[in-house]
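Written below as structure tokens is the structure these notes are about.
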Amino acid sequence: MTESRTTVTVNALGYVGHSESSGEPFRIDRHGVTYVPTGDGGIVLNYRVGDSIFALDADHASPGVSVSHPNPDAAHSLVAQSCIGNIAQVRTGAATGALGVVLGKRGEGSRVLILFAPGVMELIRPDDQISIATEGQGLSDSDMESHIFNISSTLFNSLSFKKSGEKLFRIPVRTSFESKYVGNGIGRPMPLWDVDLQIYELPSGVSDIHIGDIVAITNLDARFNAGYRNGWISVGVVVHGSSPQPGHGPGVTIFLSGPESEFELLSDPQNHVGLTESRLLALAASLKR
Amino acid sequence: MKVTTNASRLVTQIVVGEVWPPLSDRNGFRVDANGQAFFLPGMGGVTLGVHCGDIATRLLGDHVEPGLSVRSAKESVNYALQFLTCIGNIVTVMSGPSAGKQGFVIGQHAYVLVDMPEEDMAQVTTGDQVSIRAVGQGLRLLDHDNIHIKNLSPELLEGLAGGTNSSGALDIHVARIIPPEAIGAGSGMVSEYANTDLMGTYPDLDSSFSLGLEDLRIGDVVAMIDQDHSFGRGYREGWISIGIISTGSASLFGHGPGPSTIMSGPADAFNVILDENSNIKFLADLLKVKS
């Protein structure tokens, strides 16, 4: 049993991000071809949980809004403490009062990715304030060597990966990737980063990969910084879509990492259903105080 | 290396930088693979006692930068310094007791890293100015259009063993083969700046963390399998990137000794020859650096 009483809930404020660019509009793909990146942060309207990671010709597009904080230390803390499944509430602007839920996080620019219902998304604007009831870091299971992080205790417990009395996580996953596919994010602290999968097409035998899917990465120890370790497994949620950049690709926010003896991966490459928008938003609603 | 190039058409520019201080934050400690806190010296300053040919993980450090760690204070000037400087460029100390002494560039790591004789290096410290004869970016192998060259001075290219072989591929001598599982931090970044940290290189951790790379040496020429560093750094099956190990041990997990990239192309463009002596330590003699 995980003991949610050990975790603390802290309201932390973030600001909805703008789309940003440097003075050079182009990025360079792995073939050396220039392109103008779209969807990399800010407010992305036409991308939903359940859509394919290859649905858009975009760069790191994520459903919902990307939220950060202008003070770098506050941004790091906001990202580190925010966990998948945390409830978020809009505090300013036309969408004031609307509830959302944390889907995941992204490194580099220190961003929390937050989902809202489509009608709410139309009302949200850059710089709107969003308060996140951050909770989940510190969650642990004293029976297991694996570490649990980046996920709210309510969501983790509702996923019921482990039967009481057993020392095994049974995880439904879309598929598994070898650690060599992990690009940007490798070597970074997992409370602050996702990891990009360097894939530019679907793996053989996998019908599609959706935002919200749960995937496993083999030979990766992500308890602290993510890095190669033979016989270790890391599990996460797909939180953003593909990228043309070399070393980048669809992003996974990892929430569980441990020795492979503690895992049974229930792979369903055709029909896997991971986290859905309705499940996550219902969870958020249930957490409203 | 026996190969036809466009070296005669390359620009040589003088760029200057200064030895940058070691930096820290108020916490000091970082965490290793097992979450254990550690505090070790590493980047910046002048790091003594480690040169081309030395085992990269011999010293207790984190991101050990052999020799001088050089930057420039102005951001745009610094980017030019980092991008234009190539491995094998000659570096001359401009201030301090070692003024006039020379060394050579061994790679980039968000700093330009300079190896020079130990006795000269010992007299260099933070703030000392250096000038670099920057030449190499734009270098092409005229008979190997599918190989991208970067960060490589014409002098180093000339000194490397190998060359165009009878089947048209490029013979390249490497001390070690690096599997794609070893590629750590630096993936996804541009390949004209900093380097690629290698995992599986931790002599103090148990065998589950090992890829057998604990004995890499500073200056080793290595072949990274399934890596395309033509326009950044990323995994790409069937591609090879060639690099020079320019930094030493790292305790921060997912990091480690790192190659700066000098070549990248499809695997069949190369004929990789394992040669444990393939190391750039010959550069001091080749360049006739003034000590």
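Numbers restart at 1 for each chain; the letters A, B, ... are given by sequence-line order, proteins then strands. These values consider heavy atoms only, across backbone and side chains, with no hydrogens, waters or symmetry-generated copies.
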- Query: Can you list the steps and then say if B/Ser187 with A/Asn184 is a side-chain contact (heavy atoms from CB on, under 4.5 Å)?
  - Reply: CA-CA 5 Å; B/Ser187 196; A/Asn184 195 245; 5.9 Å; no
How would you list, by chain and number, every residue that makes a ring-ring contact (aromatic ring centres under 6.0 Å, His included) with B/His63, sequence neighbours excluded?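 So B/His63 forms a ring-ring contact (aromatic ring centres under 6.0 Å, His included) with B/His109, B/His255.
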Which pair of heavy atoms, one from [X] and one from [Y], lies closest together, and at what distance?
X: A/His248; Y: B/Gly188; value: NE2-O, 2.8 Å
X: B/Glu181; Y: A/Ser179; value: CG-OG, 4.1 Å
X: B/Val31; Y: A/Phe224; value: CG2-CB, 4.3 Å
X: A/Asp29; Y: B/Phe231; value: O-CB, 3.7 Å

Decide side-chain contact (heavy atoms from CB on, under 4.5 Å) for A/Asn225 and B/Leu252; before the verdict, give the C-alpha distance in whole Å, the side-chain angles of both, and the deciding distance to 0.1 Å. CA-CA 8 Å; A/Asn225 284 19; B/Leu252 190 67; 3.5 Å; yes
[X] [atom1]: over 12 foreign heavy atoms closer than 6.0 Å:
X: B/Leu60; atom1: CG; result: no
X: A/Glu24; atom1: CD; result: yes
X: A/Tyr35; atom1: OH; result: yes
X: B/Arg71; atom1: CZ; result: yes
X: A/Asp57; atom1: CG; result: no

Under 4.5 Å from any heavy atom of chain A, what part of B/Asp206 do you find: side chain, backbone, both or neither?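 Contact with chain A is through the side chain of B/Asp206 alone.
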Need one label for B/Ser210: side chain, backbone, both or neither, based on atoms under 4.5 Å from any heavy atom in chain A.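 Contact with chain A involves the backbone of B/Ser210 alone.
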Fill in: Residue A/His147 versus chain B: region with a heavy atom under 4.5 Å
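Looking at A/His147, nothing touches chain B.
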Please flag which part of A/Asn219 lies under 4.5 Å from any non-hydrogen atom of chain B: side chain, backbone, both or neither.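 Neither part.
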Treating A/Arg223 as the side-chain partner and B/Ala33 as the backbone partner, does any N or O pair qualify as donor plus acceptor under 3.5 Å?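 Between the backbone of B/Ala33 and the side chain of A/Arg223 there is a qualifying donor-acceptor contact (under 3.5 Å).
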* To do: Would you check if the side chain of A/Gln198 reaches a backbone N or O of B/Tyr235 as a donor-acceptor pair within less than 3.5 Å?
  =>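 Judged by distance alone, yes, a pair lies under 3.5 Å.
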Against chain A, work out which of B/Gly232, B/Ser208, B/Ala185, B/Gly234 has the most heavy-atom pairs shorter than 4.5 Å and name it.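 With the most close heavy-atom pairs to chain A, the winner is B/Ser208.
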Once rounded to the nearest 0.5 Å, what's the spacing between atom CD1 of B/Ile183 and atom NZ of A/Lys180?
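B/Ile183 atom CD1 to A/Lys180 atom NZ measures 12.0 Å (nearest 0.5 Å).
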For side-chain contact (heavy atoms from CB on, under 4.5 Å), just list the numbers for B/Phe209 and A/Arg229, CA-CA rounded to whole Å, side-chain angles, deciding distance to a tenth of an Å, and then say yes or no. CA-CA 5 Å; B/Phe209 294 102; A/Arg229 187 177 190 182; 3.1 Å; yes
Exercise. Does the pair A/Tyr228 and B/Leu211 meet the rule for a side-chain contact (heavy atoms from CB on, under 4.5 Å), with working shown?
Worked result: CA-CA 9 Å; A/Tyr228 170 84; B/Leu211 288 163; 3.5 Å; yes
query = Sequence neighbours excluded, which residues qualify as side chain to side chain contact (heavy atoms under 4.5 Å, CB included) partners of B/Phe29?
reply =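 Partners of B/Phe29 by the side chain to side chain contact (heavy atoms under 4.5 Å, CB included) criterion, ordered by chain and then number, come out as B/Ala37, B/Phe39.
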